[in-house]
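Hydrogens, waters and symmetry mates are skipped; everything else that's a heavy atom, side chains included, is used. We name chains A, B, ... by the order of the sequence lines, and we start the count at 1 in each one.
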Amino acid sequence: MSGRSSRRSSKRSLGEATPRSAGAILARSLPVWLVLVGLALASCALAYLPMGRWNMAVSLGIAAAKMLLIGLFFMHLRRPDPLLRLAGGAWLLWVGFLAALVFADQATRAPLTQPEHMEDRTMEPPETAGGRSGF
Amino acid sequence: MSELAAGRVRPAEGPAEPWPDNYLTAEQGLGSWLLTTDHKRIALLYMATLLAFFVIGGFGAVMIRLELFTPEQDLMTADAYNRMFTLHGTVMVWFFLVPSIPNTLGNFLLPLMIGARDLAFPRVNLLSWYLFVGAGLLLVVALVAGGVDTGWTFYTPFSTMFSNGYVLLAALAVILAGFSSIATGLNFIATVHLLRAPGMHWFRLPLLVWALYGTSVVMVLATPVLAASLLLIVAERAFGLPVFDPAQGGDPLLFQHLFWFYSHPAVYIMILPSFGVISEIVTCFARRRIFGYTFMVYAILWIAVVGFLVWGHHMFVSGQSLFTSLVFSFLSFVIAVPSAIKVFNWTFTLYRGQITFEAPMLYALGFIGLFTLGGLTGLFLAAIPIDVHVTDTYFVVAHFHFIMVGGAVTALYGGLSFWWPKITGRLYPEGWARFAAILMFFGFAFTFFPMFVMGFAGMPRRYAAYPPEFQIWHVMSSCGAVLLAAAYLLPMAYLTFSLFRGARATDDPWDATGLEWRTASPPPRGNFGVLPVVAEGPYLYHPEAEGPHHSEREPHQNQGGNL
Amino acid sequence: MSGGALREPWHSLRRQREAASFGMWLFLASEALLFGGLILAFIATRWFHPAAFAAAGREADIVYGTANTLLLLTSSLTMAVGAQAARAELPRLAGRALGLTLALGLAFLCLKGLEWRADLAKGLWPGPGFALEQPAARIAFAFYWLLTGLHGLHLLGGLSAIAWLAGQAVLGRRPWRSPAFEAAALYWHLIDVVWMFLYPLLYLDGRAA
């Protein structure tokens with residue numbers, strides 16, 4: 001009994017229980033696509049709603065939701081394969097490292113070093129490269 | 001001693017005896033090398049390529065040391081000097097040190113050590129070599145055409161707006177070399193996950209495999225960010241897209257963040273595999289199990305992950321936020337802990353070991369000493385006040401050369417000697433090898449220790465001319481470099497000699513543990529006749545029953561007796 | 001036994017299939033950090049110049065952008081269907097779905113080309129004669145060209161891979177059960193996911209003002 005169930009779960013974990021007929025495949029994929037299209041249209045519409053700085057947050061949130069849907073259903077992270085889930089999620093931690101420390105710097109930088117506060121040279125013509133530009 | 005040495009040579013077999021079928025003889029012809037998917041052959045291809053780049057980078061070092069022999073700027077112009085140290089840095093970092101141990105020893109040994117027939121994606125492995133060669137050719141074109149004057153760091157806005165070197169070609173070469181290391185990295189990770197022999201649990205893996213695994217994780221996740229930062233430079237320089245241009249409100253510090261997000265972990269790409277090599281050698285020649293195996297593993301993983309959080313210590317004087325500097329400083333101290341764990345554990349492995357001083361062991365002991373010095377001076381540099389004092393001085397140059405040359409290159413030579421009998425089936429001449437190992441240690445210290453002193457006294461890096469009071473240190477350093485160069489060239493000579501005249505090695509000349517020694521020397525095309533099954537952990541040099549338990553202490557005796 | 005899909009050094013197709021997916025996932029993690037780094041650079045610069053980036057976002061062509069978003073989402077659907085059908089050895093469905101994916105990808109690139117032409121006509125290349133007043137808008141458009149260009153290159157790579165694999169399968173040189181289809185599908189979905197983030201960043205910023 002336990003042997004059978006473990007065999008079944010190992011089969012599932014390797015994704016052996018995949019749909020075998022055209023109907024089953026479409027029935028699994030089409031609803032996801034509908035939700036994705038809905039989300040895309042919603043994010044387009046919400047962008048015109050004045051929410052101040054929340055506009056970008058909402059748009060990126062919807063993008064993240066779409067990523068999650070695509071990841072879970074189209075990229076099969078829903079299948080219980082721990083190895084693939086690990087590989088599919090690990091990058092988030094590293095992007096988090098990068099973002100956390102870069103934004104920590106930007107948020108606490110001394111004001112004088114921020115470009116907005118620097119001498120305004122922006123109306124002058126942009127400086128061209130000195131010397132010959134090697135390829 | 002002589003008994004031990006006698007056990008290494010294949011007895012009663014003259015040189016005329018035909019070699020058993022192995023990976024070197026399995027196929028013949030140039031095509032069988034250039035189109036091979038055998039990880040062992042690809043390792044040799046990498047070895048040849050890396051040797052070429054080591055020579056090119058070494059040429060840069062020689063020119064720098066020659067120029068610095070006198071305080072005046074006499075050998076080359078300041079601009080030529082800039083190009084020379086950029087050549088040295090770019091070639092040595094991306095085209096020698098980053099691929100050095102992973103792509104040669106790692107490529108050769110990883111499948112052997114875990115009991116696999118090949119890497120998970122043999123053709124990706126070959127592709128990685130071709131990408132590397134392509135990148136190398138691009139870089140050589142850039143260097144021959146006139147060189148790059150930005151330093152290996154490509155800092156903006158100099159690299160994007162003012163430099164008149166061949167920045168674009170060099171940046172593209174580095175991006176391409178990055179793809180090659182990503183390909184290698186993902187291949188190693190997939191191999192370790194999916195191709196271990198039956199019974200080879202995660203905590204039975206040799207530490208070199210763990211180290212290569214950690215290195216690969218860093219390669220796969222850090223290298224693309226380097227590609228991103230260099231792509232932004234290409235966009236700005238080639239297409240005039242003003243990403244970092246301060247005049248438009250761009251932020252050059254952003255480039256430094258992205259660049260060091262790769263380039264600090266890159267140091268761990270260079271040093272982690274060395275840790276693995278040293279663990280293999282120290283255990284074998286001390287005839288001891290590694291002390292604290294699990295902690296060695298956790299230390300590798302800790303370094304691989306936390307190594308991503310310390311890059312800001314390269315930017316303490318760049319104008320980044322002071323608060324962030326404090327965080328980076330703290331995290332840089334944190335990363336020293338696992339490195340210290342490793343040094344302590346090697347030392348404890350040596351303790352009460354039956355140590356013999358074969359050449360690989362001499363390299364390994366030299367490594368431990370030099371790495372400890374390099375690591376401790378790293379702590380100086382992690383402390384913001386000291387770092388502000390010594391930023392851009394020779395103190396920094398000395399520090400990272402202790403890690404990257406005294407550490408990584410010494411480990412490469414040690415590993416090469418250790419596995420030379422496995423790779424070629426021949427023994428190297430032991431006396432010459434010991435001489436080279438000792439010469440390398442002293443030559444290295446002679447070259448780079450004076451740099452700590454002059455750096456602390458204020459000698460800035462990247463200048464061709466300098467005040468005369470620093471000359472004594474520079475002369476010492478340049479003289480040491482001669483010794484060091486001799487110590488690097490010597491093994492190339494005697495290893496080449498041993499290819500033709502070396503004694504035939506037995507399958508396991510060091511009486512070592514590890515699956516790579518359980519097959520023929522050199523191994524057959526498929527690595528193992530019958531794939532091995534693993535029933536025990538690594539480094540069983542000192543089985544339970546053989547020798548006193550550590551709780552049974554010998555009474556302490558002063559060395560040299562009681563005077 | 002495995003119908004030609006099994007390769008060295010694997011002993012079972014199952015294991016090889018897992019390795020193909022795993023290897024591709026590792027590559028995708030790498031790609032995620034490539035685009036993640038670039039997108040982070042975009043957001044970090046936007047942090048200092050929100051108004052200029054909003055102005056730049058308003059200039060991007062939202063009709064092309066939204067149409068392309070929908071095209072790419074649909075191509076993800078057809079690719080997912082194609083890969084699953086290939087694995088279930090339904091050659092007709094797989095062939096059609098992969099063909100449709102190729103068509104949708106090409107349509108995306110065509111629309112993108114038209115959009116780029118319109119952008120150039122509007123003076124949105126951040127060189128001399130740039131259309132916008134704020135200097136930092138030049139940076140925003142620098143990112144626009146770089147990110148859409150790089151994304152386009154990836155898309156082109158994905159299209160070539162799918163075309164090559166599907167071509168081999170139709171000619172009978174590659175069994176439909178080959179794990180390569182799933183790996184290619186994973187790559188295609190990544191291209192889609194990257195666009196899901198580029199769309200709000202490049203097209204939706206500043207619409208409400």
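Residue C:Ala88 comes nearest to A:Pro19 through the heavy atom pair CB-O, 3.6 Å, listed as atom of the first residue, atom of the second, then distance. Closest of all the heavy-atom pairs between C:Leu90 and A:Ser21 is CD1-C, 3.8 Å. The two residues A:Ala63 and C:Met196 make their nearest non-hydrogen contact at CB-O, 3.3 Å. When all heavy atoms of C:Trp25 and A:Ala87 are compared, the pair lying nearest together is CB-CB, 3.7 Å. Scanning all heavy atoms of the two residues, the minimum distance from C:Glu18 to A:Asp81 falls at OE2-OD2, 3.0 Å. Across all non-hydrogen atoms, the minimal contact from A:Cys44 to C:Leu204 is CA-CD2, 4.2 Å.
Note: A:Leu83 leads A:Leu39, A:Leu83, A:Ile70, A:Leu36 in heavy-atom pairs under 4.5 Å with chain C. Considering only heavy-atom pairs separated by less than 4.5 Å from chain A, the leading option among C:Ile62, C:Leu93, C:Val194 is C:Ile62. Interface check for chain A: of the options C:Thr69, C:Leu28, C:Leu33, the most heavy-atom pairs under 4.5 Å are formed by C:Leu33. Contact count versus chain A (heavy atoms, under 4.5 Å) is highest, among C:Gly36, C:Ala85, C:Ala136, C:Ala44, for C:Ala44. Interface check for chain C: of the options A:Arg53, A:Met56, A:Met67, A:Met51, the most heavy-atom pairs under 4.5 Å are formed by A:Met56. Between chain A and the options C:Ala54, C:Gly206, C:Ser30, C:Ala32, heavy-atom pairs under 4.5 Å are most frequent for C:Ala32.
Taking CD of A:Gln106 as the reference point, atom OG1 of C:Thr45 lies at 7.0 Å (rounded to 0.5 Å). Atom OG1 of C:Thr66 is separated from atom CG of A:Leu41 by 8.0 Å, given to the nearest 0.5 angstrom. Atoms OG1 and CH2, on C:Thr74 and A:Trp33 in that order, are 5.0 Å from each other to the nearest 0.5 Å. A distance of 9.0 Å separates CZ of C:Phe197 from NZ of A:Lys66, quoted to the nearest 0.5 Å. Distance check, rounded to the nearest 0.5 Å: CZ of A:Phe103 to CG of C:Leu40 gives 4.5 Å. Here A:Asn55 contributes atom CG and C:Asp205 contributes atom CG; the two are 8.5 Å apart, rounded to the nearest 0.5 Å.
In this structure, C:Trp188 has its ring center at least 6.0 angstrom away from the ring center of A:Phe74.
Neither the backbone nor the side chain of C:Arg15 comes within less than 4.5 Å of any heavy atom of chain A. If you measure heavy-atom distances from A:Leu93 to chain C, you find no contacts under 4.5 Å at all. With a threshold of 4.5 angstrom between heavy atoms, A:Val102 approaches chain C through side-chain atoms but not through N, CA, C or O. A:Ala90 does not touch chain C: none of its heavy atoms, backbone or side chain, sits under 4.5 Å away. Heavy atoms closer than 4.5 Å to chain A are found in the side chain of C:Tyr199, but not in its backbone. Of the atoms belonging to C:Glu182, it is side-chain heavy atoms, and not backbone ones, that fall under 4.5 Å from chain A.
Proximity of C:Gln84 to A:His76: side-chain heavy atoms (C-beta onward) are separated by under 4.5 Å at one or more points.
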Could you walk me through whether C:Leu77 and A:Leu30 pass the side chain to side chain contact (heavy atoms under 4.5 Å, CB included) check?
CA-CA 7 Å; C:Leu77 167 77; A:Leu30 273 173; 3.8 Å; yes

